[in-house]
Protein chains: 2
Amino acid sequence: MLSKKTQYALKALGYLAAKYGQGPVLISEISKNKKIPIKFLETILLELKQNNVLESKKGKGGGYYLIESPKKTTLAQAIRLVGGPIALVPCVSLNFYEKCADCDEATCGLNKAMLQTRDATLKILEKKTLAELIDG
Amino acid sequence: MLSKKTQYALKALGYLAAKYGQGPVLISEISKNKKIPIKFLETILLELKQNNVLESKKGKGGGYYLIESPKKTTLAQAIRLVGGPIALVPCVSLNFYEKCADCDEATCGLNKAMLQTRDATLKILEKKTLAELIDG
DNA sequence: AAATAAGTCTACTTAATCAATAGACTATTA
DNA sequence: TAATAGTCTATTGATTAAGTAGACTTATTT
């Protein structure tokens with residue numbers, strides 16, 4: 001299961017994708033429409049900005065907006081940006097890899113099974129983009 | 001990512017699968033070989049027993065063992081038994097479903113994408129059994 | 001140009017859940 | 001009855017989620 005933080009990030013990105021090219025969007029607007037605790041959302045959006053996915057404008061008329069077209073960011077990228085591993089276990093994670101304490105990966109049955117599911121998941125998440133998060 | 005508890009459960013079940021039919025296996029043996037904190041492992045095995053996957057024997061010569069052939073339990077079943085949802089978000093979970101606060105599932109883009117990944121994952125995890133967790 | 005309103009940004013605090021540990025208790029076998 | 005091994009309860013520590021307070025920045029209005 002994705003963390004709440006990652007789930008909120010995807011929802012917010014979907015909302016911003018729908019408003020792409022229409023100028024800055026208020027945090028409060030996203031929070032209200034997507035039912036995300038506003039202070040939690042602030043930190044998430046800030047992190048996405050620091051990862052060069054979003055840009056922000058301060059002061060009156062400000063807000064957050066996508067830097068690039070929603071089609072240019074895949075769901076796999078978005079999930080990883082906010083710190084969410086996609087694999088079910090660390091020993092098959094591409095971006096958050098950790099070796100198991102107990103096993104030799106060449107012979108580990110669990111490793112093999114989890115590798116397959118990771119590949120199946122990635123195949124989907126690397127094709128879909130933020131544009132697909134737009135409701136309709 | 002699966003919780004530590006779920007990961008440990010799968011490793012322990014794999015170990016017991018390899019020893020199926022050979023009588024009770026000590027908690028301490030599993031703990032040592034699979035590098036699982038023994039007290040944490042105790043609670044996990046107990047839970048698996050209460051879910052009718054394992055049986056135990058107390059006293060000297062005691063331990064835990066699989067009730068049925070490893071081939072009869074799928075990885076999907078095993079993961080769910082110890083409380084691990086397989087889906088990435090609650091609104092597409094079969095066994096731990098929760099409705100989103102903000103969206104209409106019929107039109108939600110995120111829901112659609114996550115449904116597809118869940119199906120791809122389940123397709124694999126429902127075919128593989130504990131027997132596939134045996135190293136070799 | 002000063003005041004004010006409308007925004008984001010930063011730091012800190014609290015609450016909840018997950019992971020790990022400790023120790024007493026019960027059942028079984030030799 | 002002594003030793004072994006699972007069972008149960010309680011506590012601690014770590015991480016994640018959420019909430020609070022206030023500083024800082026920009027645009028508008030007068």
Side-chain angles (χ1 to χ4, degrees), chain A residues 1-12 16 19 23-32 34-51 53-67 79 82-85 88-90 96 98 100-102, chain B residues 1-12 15-16 19 23-32 34-67 79 82-85 89-90 96 98 101-102:
Chain A
M1 188 91 83
L2 298 175
S3 67
K4 282 279 183 194
K5 183 180 170 188
T6 306
Q7 292 178 43
Y8 288 153
L10 290 176
K11 296 223 168 190
L16 290 173
K19 301 244 172 177
V25 180
L26 295 184
I27 296 180
S28 58
E29 180 184 340
I30 304 172
S31 166
K32 192 180 161 197
K34 288 294 177 180
K35 301 265 173 30
I36 303 171
I38 191 163
K39 282 297 180 179
F40 200 4
L41 182 56
E42 279 182 16
T43 67
I44 294 166
L45 294 178
L46 200 52
E47 193 173 335
L48 287 169
K49 178 186 173 179
Q50 284 156 359
N51 283 311
V53 174
L54 301 181
E55 191 45 84
S56 69
K57 204 182 163 209
K58 286 187 181 177
K60 200 168 187 178
Y64 277 93
Y65 53 95
L66 281 172
I67 292 178
I79 290 171
V82 290
L88 292 180
V89 292
F96 300 86
E98 275 176 58
C100 283
D102 64 295
Chain B
M1 188 91 83
L2 298 174
S3 68
K4 283 278 182 195
K5 183 180 171 188
T6 306
Q7 293 179 42
Y8 289 153
L10 290 176
K11 296 222 166 192
Y15 193 85
L16 291 172
K19 304 245 170 176
V25 180
L26 295 184
I27 297 180
S28 58
E29 180 184 340
I30 305 172
S31 167
K32 192 180 161 196
K34 289 294 177 181
K35 302 264 173 29
I36 303 172
I38 191 162
K39 284 295 180 179
F40 200 4
L41 182 56
E42 279 180 15
T43 67
I44 294 167
L45 295 177
L46 199 52
E47 193 174 336
L48 286 169
K49 178 186 174 180
Q50 284 156 359
N51 283 311
N52 303 309
V53 175
L54 301 180
E55 191 46 84
S56 69
K57 207 183 159 203
K58 285 187 182 180
K60 199 169 186 177
Y64 277 95
Y65 51 97
L66 281 171
I67 294 178
I79 290 172
V82 291
V89 292
F96 301 86
E98 277 175 57
D102 64 295

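Numbers restart at 1 for each chain; the letters A, B, ... are given by sequence-line order, proteins then strands.
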Can you tell which of C:dA19, D:dA18, D:dT25 lies closest to the side chain of B:Lys4? C:dA19

Position toward the 5' end of DNA chain D (nearest nucleotide), A:Gly61 or B:Gly62: B:Gly62

State plainly whether the residues B:Lys19 and B:Glu29 are in salt-bridge range, i.e. N to O under 4.0 Å. yes

Take the protein atom CD of B:Gln50 and the nucleotide atom C1' of D:dG6, then report the distance between them rounded to whole Å. 12 Å

From NZ of A:Lys32 over to P of C:dG7, roughly how many Å is that when rounded to an integer? 13 Å

Dump the intermediate steps for side-chain contact (heavy atoms from CB on, under 4.5 Å) on A:Leu88 and B:Met1, then the final yes or no. CA-CA 4 Å; A:Leu88 292 180; B:Met1 188 91 83; over 6 Å; no

Just N and O in the side chain of A:Lys60: are any of them under 4.0 Å from OP1 or OP2 of C:dT8? no

Under 4.0 Å, heavy atoms only, any strand: does A:Ser3 hit a base, just the sugar-phosphate, or nothing? sugar-phosphate

In whole Å, I'd like the distance from the OH atom of B:Tyr8 to the C1' atom of C:dT21. 13 Å

DNA chain C nearest-nucleotide lookup for A:Ile27 and B:Lys5: closer to the 5′ end is A:Ile27

A:Gln7 side-chain N/O to A:Leu2 backbone N/O, donor-acceptor pair under 3.5 Å: yes

Please confirm whether the shortest side-chain N or O distance from B:Ser28 to OP1 or OP2 of D:dA5 is below 4.0 Å. no

Does a side chain donor of either A:Ser3 or A:Thr6 reach within less than 3.5 Å of an acceptor in the other side chain? yes

At under 4.0 Å between heavy atoms, what does A:Ile38 touch on the DNA or RNA strands: base, sugar-phosphate, or nothing? nothing

When rounded to whole Å, the CG to P distance for the pair B:Leu46 and D:dA5 reads 18 Å

Taking atom NZ of B:Lys11 and atom CG of B:Leu41, what is their separation to the nearest 0.5 Å? 12.5 Å

Quick one: does B:Lys39 reach the base of C:dG23 with a side-chain donor-acceptor pair under 3.5 Å? yes

Nearest-nucleotide check on DNA chain D, B:Lys57 vs A:Leu2; residue mapping nearer the 5' end is B:Lys57

Measure from the side-chain heavy atoms of B:Phe40 and tell me the nearest of C:dT26, D:dC8, C:dA19. C:dA19

C:dT8 C1' sits how many Å from A:Ile30 CD1, rounded? 12 Å

Round to a whole Å and report the spacing from CD1 of A:Ile44 to P of C:dT8. 14 Å

Roughly how many Å is it from NZ in B:Lys58 to P in D:dT4, rounded to a whole number? 17 Å

What is the distance from CD of A:Glu55 to P of D:dT26, rounded to the nearest Å? 12 Å

With a non-hydrogen cut-off below 4.0 angstrom, is A:Leu45 in contact with a base, only sugar-phosphate, or nothing? nothing

